[in-house]
Chemist: 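Just passing along the structure, written as structure tokens.
Bear in mind the structure is a predicted one, so any value in this text is a computation, not a measurement. Reckoned from all heavy atoms, side chains included, excluding hydrogens, waters and symmetry mates. We count ligands from 1, going down the list as the structure has it; atoms in each ligand are counted the same way.
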Amino acid sequence: MAAAPSNILGIETSCDETAAAVVRRLPDGSGEIVSNIVLSQIDDHAPYGGVVPEIAARVHIRHLDGLIARAMKEAGITFSALDGVAATAGPGLLGGVIIGLTTAKAIAMAHNKPLLAINHLEGHALTPRLLEPCPFPYLLLLISGGHTQFQLVEGVGCYRRLGTTIDDALGEAFDKTAKLLGLGYPGGPLVEQYARRGNPQRFDFPRPLKGRKDCNFSFSGLKTAVRETVHDLGHLSVQDIADVCASFEAAVAETLQDRLKMAFGFFREAYPDVKKPSLIVAGGVAANATLKNIFATSADEFNFKLIVPPASLCTDNAAMIAWAGAERLALGLVDDLDFMARARWPLDDVSAPIYGSGKSGAKV
Ligand code: KG4
Ligand code: ZN
């Protein structure tokens with residue numbers, strides 16, 4: 001454990017958020033967010049109905065230096081007072097990742113500070129420890145626009161993937177459903193709003209992989225079912241849209257409940273002695289209130305403690321990258337300046353790739 005507090009600058013540019021933050025790690029292992037700035041690019045991508053990699057990279061270049069300067073100013077420290085510079089080094093849109101990582105390398109080199117090349121997924125995985133004591137091991141469910149996976153988080157740098165999506169990510173399924181219904185982007189929050197006024201029983205959408213004895217996910221069949229329903233309906237009334245959204249959300253909720261049950265079982269098998277383990281849910285989809293209820297009841301039923309970080313730390317941000325850097329620095333896990341950006345980078349090196357997963361390689 002480091003003997004003095006460490007100040008880490010974090011940089012996140014792997015998708016459509018440009019972000020910079022300063023986080024402090026105290027010798028007792030607790031953390032503090034000193035500054036945390038996120039610039040969302042949603043408006044730049046909305047006209048295209050999804051993230052355009054070239055636009056994302058250009059927006060990162062335009063704003064990153066200014067955001068870092070603001071984060072440092074708000075933190076009230078100079079580069080020389082940093083103990084390390086952390087940046088997302090993958091997985092994500094390669095152009096964006098290179099911009100953030102190269103910037104971090106330049107600062108690290110100019111100020112003779114250690115570089116921490118962070119796996120973006122590790123940022124999500126370690127976030128709860130920035131907020132409260134959260135002993136290893138715990139179970140992570142990451143549900144975002146690019147990833148849908150269960151990880152067994154056993155320690156800093158020690159992860160075991162229990163399951164992942166074999167096709168679309170959950171956030172992607174929400175976004176595609178919204179697109180089919182002519183709603184805007186990003187679709188998740190809009191689908192949730194419409195679903196509140198809809199009938200979840202009107203359409204009997206599939207519950208993909210329900211009952212399968214593993215922890216994987218699949219959402220492409222559900223998307224196809226939504227597409228066919230929308231096609232059959234022809235002209236869509238507001239009530240039709242609400243009913244499709246509610247029925248879609250009900251199918252997702254039941255699927256997640258089933259997959260959670262499997263993951264809880266695997267966790268108990270791996271760690272029979274942990275009395276009350278934690279379930280961490282992260283990623284943009286974790287903001288969905290209906291799904292949050294499912295997480296709460298499932299965690300309760302299987303005696304897990306549910307932790308859903310606040311939305312600002314659940315979605316992409318640089319504080320989580322700085323924090324992962326702080327945790328790694330405390331263990332002496334620093335990186336060389338020639339560390340290469342990676343478009344694909346599974347958190348768990350031993351997991352076999354799943355055919356079709358992460359096809360877009362875009363959002364994480
Ligand atoms: O983690 P995130 O902000 O970004 C990345 O994917 O990197 O997640 C964004 C995803 C989008 O697909 C968005 O539609 C979905 O999270 N999302 C939601 C909700 N809010 C955001 N999905 C369902 N319900 C929501 N309330
Ligand atoms: Zn993410």
Chemist: Does this structure show an ion pair linking D44 with R58, if we count only N-O contacts that are shorter than 4.0 Å?
Modeler: no
Chemist: Any nitrogen or oxygen of G188 lying under 3.5 Å from a nitrogen or oxygen in ligand 1? Just yes or no.
Modeler: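 N/O-N/O distance below 3.5 Å exists for this pair.
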Chemist: Do any of the N, O or S atoms of H120 sit under 2.8 Å from the Zn ion (ligand 2)?
Modeler: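 An N, O or S atom of H120 is closer than 2.8 Å to the Zn ion (ligand 2), so yes.
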Chemist: Less than 4.0 angstrom from a charged side-chain N to a carboxylate O is my criterion; do K113 and D83 meet it?
Modeler: no
Chemist: By number and element, which atoms of ligand 1 are closer than 4.0 Å to a non-hydrogen atom of T315?
Modeler: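 The list of qualifying atoms is 1 (O), 3 (O).
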Chemist: Please could you name the atoms of ligand 1 that G146 approaches to less than 4.0 Å, counting only its heavy atoms?
Modeler: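 Atoms satisfying the 4.0 Å criterion: 6 (O).
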Chemist: State whether D243 and R197 are salt-bridged, where the test is any N-O pair (Lys NZ or Arg NE/NH1/NH2 against Asp/Glu carboxylate O) under 4.0 Å.
Modeler: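 R197 and D243: not salt-bridged.
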Chemist: Give the atoms of ligand 1, by number and element, whose distance to some non-hydrogen atom of E192 is under 4.0 Å.
Modeler: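 That gives atoms 25 (C), 26 (N) of ligand 1.
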Chemist: If you measure every N or O of G145 against every N or O of ligand 1, does any of those distances drop under 3.5 Å?
Modeler: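 Yes, since at least one N or O of G145 sits under 3.5 Å from an N or O of ligand 1.
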Chemist: With heavy-atom distances below 4.0 Å as the criterion, list the atoms of ligand 1 near G283.
Modeler: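 Every atom of ligand 1 under 4.0 Å from some heavy atom of G283: 1 (O).
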Chemist: Any N/O of G171 closer than 3.5 Å to an N/O of ligand 1?
Modeler: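 Yes; the residue has a nitrogen or oxygen that sits under 3.5 Å from a nitrogen or oxygen of the ligand.
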Chemist: Do the charged groups of E301 and K261 touch, with an N to O distance under 4.0 Å?
Modeler: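 Judged by the 4.0 Å cut-off on N to carboxylate O distance, E301 and K261 do not form a salt bridge.
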Chemist: Under a 4.0 Å threshold between the charged nitrogen and the carboxylate oxygen, would E132 count as salt-bridged to K305?
Modeler: yes
Chemist: Just say parallel, tilted or perpendicular for the rings of F219 and F217, cut-offs at 30° and 60°.
Modeler: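 F219 vs F217 ring planes: parallel.
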Chemist: How about H124: does one of its N, O or S atoms come closer than 2.8 Å to the Zn ion (ligand 2)?
Modeler: yes
Chemist: Could you go through the salt bridge (charged side-chain N to carboxylate O under 4.0 Å, His left out) check for R212 and D258 one step at a time?
Modeler: CA-CA 9 Å; R212 269 258 301 252; D258 177 68; over 6 Å; no
Chemist: What about N288: any of its N or O atoms under 3.5 Å from an N or O on ligand 1?
Modeler: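 In this structure, N288 places an N or O atom under 3.5 Å from an N or O of ligand 1.
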Chemist: Verify the ring-centre separation between Y159 and W345: is it less than 6.0 angstrom?
Modeler: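 No, ring centres 6.0 Å or more apart.
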Chemist: Are any of the N or O atoms of D316 closer than 3.5 Å to those of ligand 1?
Modeler: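 Yes, since at least one N or O of D316 sits under 3.5 Å from an N or O of ligand 1.
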Chemist: With a 4.0 Å heavy-atom cut-off (strictly under), which part of C15 contacts ligand 1: side chain, backbone, both or neither?
Modeler: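 Neither; nothing of C15 gets under 4.0 Å from ligand 1.
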Chemist: Would R207 pass as a cation-pi partner of F205, given that its NZ or CZ must be under 6.0 Å from the six-membered ring centre and within 45 degrees of the axis?
Modeler: no
Chemist: Would you check the N or O atoms of G284, main chain and side chain alike, for any that come under 3.5 Å of an N or O of ligand 1?
Modeler: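 There is such a contact, yes.
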Chemist: State the atoms of ligand 1, each with its element, that fall below the 4.0 Å cut-off from a heavy-atom position in D175.
Modeler: 11 (C), 12 (O), 13 (C), 14 (O)
Chemist: Suppose we only allow N, O or S atoms; which atom of D316 ends up nearest to the Zn ion (ligand 2)?
Modeler: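 The nearest such atom is OD1.
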Chemist: Hey, is the main chain of T164 close enough, under 3.5 Å, to the side chain of N216 for a donor-acceptor pair?
Modeler: yes
